[in-house]
Amino acid sequence: MRVDCTGDRKSTGSAMKWADATEEAALHIAIRLREEDKTEVWLSHGLTPTEAVMWSWSESDLCRCIASADGEPLALTGLVRNRIWLLGTENLTATRERRLQLCKEGRSWVETCLERAGMAIGNDVYAKNTRSIRWLKHLGFEVATPRPMGPCAELFSEFWRAA
């Protein structure tokens, strides 16, 4: 599936909203973590989905939940010092409307994280996760050439953005 950040958005009732990042929401997402996120956290840190989501949630200086209009947790996103992250379910990008909303509101979220960190923010992305890389570039991040990282020495690209 492609994250398409262009075009007009038409309401289909699948809009998303910001919600509190609760332990219940974190567990919901951990159980339903999308495959690309499972692969990325395993290859980068050797963590299971539950370990990755719960660590990210508990260690974040700033953390928010992205939920469906009816309150289903779809993703958690946050900032640990100056490391920005997002872990989600397949339903996060299940509709065109959600993908467009993620692109639009993602820019505001990045600005919030930049203000909170008070310095450049970034992280690492699995080089085979081309959908995430396209989205990160849309949000204004620079993406470096892949290099080996993690216990499996798989290719990851550092990404960053300054204020």
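Side chains included, hydrogens not; waters and symmetry mates left out as well; all remaining heavy atoms used. Start at 1 with the first residue, then count along the sequence. Everything quoted here is computed from the prediction, not taken from an experiment.
Hydrophobic clustering places L114 together with F141 (ILVMFWY residues linked when any side-chain heavy atoms are closer than 4.5 Å, directly or through intermediates). Cluster membership for I84 and F156, using ILVMFWY side-chain heavy atoms within less than 4.5 angstrom, is not shared. The same ILVMFWY cluster, assembled from side-chain heavy atoms under 4.5 Å apart, contains both V110 and L79. No continuous path of hydrophobic side-chain contacts links W160 to V80 [ILVMFWY only; heavy atoms under 4.5 Å]. A continuous path of ILVMFWY side-chain contacts below 4.5 Å connects W55 to L76, so both sit in one hydrophobic cluster.
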**Evaluation steps, side chain to side chain contact (heavy atoms under 4.5 Å, CB included), between W109 and L102** = CA-CA 10 Å; W109 175 247; L102 189 60; over 6 Å; no

**Request:** Just do the side chain to side chain contact (heavy atoms under 4.5 Å, CB included) check on F159 and I133 with the steps written out, would you?
**Result:** CA-CA 9 Å; F159 64 89; I133 292 170; over 6 Å; no

**Message:** Does Q101 form a side chain to side chain contact (heavy atoms under 4.5 Å, CB included) with K104? I'd like the steps, not just the answer.
**Reply:** CA-CA 5 Å; Q101 189 177 356; K104 179 182 175 191; 5.7 Å; no

**Test log, rule side chain to side chain contact (heavy atoms under 4.5 Å, CB included), inputs M149 and L43** = CA-CA 8 Å; M149 185 185 126; L43 294 175; over 6 Å; no

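In this model, a donor atom of one side chain and an acceptor atom of the other lie less than 3.5 Å apart for S68 and D70.
The local environment of NE2 in H45 is sparse, with at most 12 non-hydrogen atoms from other residues, nucleotides or ligands closer than 6.0 Å. Taking a 6.0 Å sphere around CZ of R147, one finds it holds more than 12 heavy atoms contributed by other residues, nucleotides or ligands. Crowding of K38 atom NZ: a count of heavy atoms from other residues, nucleotides or ligands under 6.0 Å exceeding 12.
At distances below 3.5 Å, not a single donor-acceptor pair connects side-chain atoms of R98 with backbone N or O atoms of M16. A donor-acceptor pair under 3.5 Å links the side-chain atoms of E40 to the main chain of Y126, judged by distance alone. Side-chain atoms of N123 do not come within 3.5 Å of backbone N or O of R83 as any donor-acceptor pair. Judged purely by atom type and a 3.5 angstrom limit, W57 has no side-chain atom pairing as donor or acceptor with the backbone of C63. A donor-acceptor distance shorter than 3.5 angstrom exists from the side chain of R116 to the backbone of D61, with no hydrogens or angles considered. In this structure a side-chain-to-backbone donor-acceptor pair under 3.5 Å is missing from T89 to I29.
Counting all heavy atoms, side chain and backbone alike, G106 lies closest to L139 at C-CD2, 3.6 Å.
Using a 4.0 Å cut-off between charged side-chain N and carboxylate O, E111 and R161 make a salt bridge.
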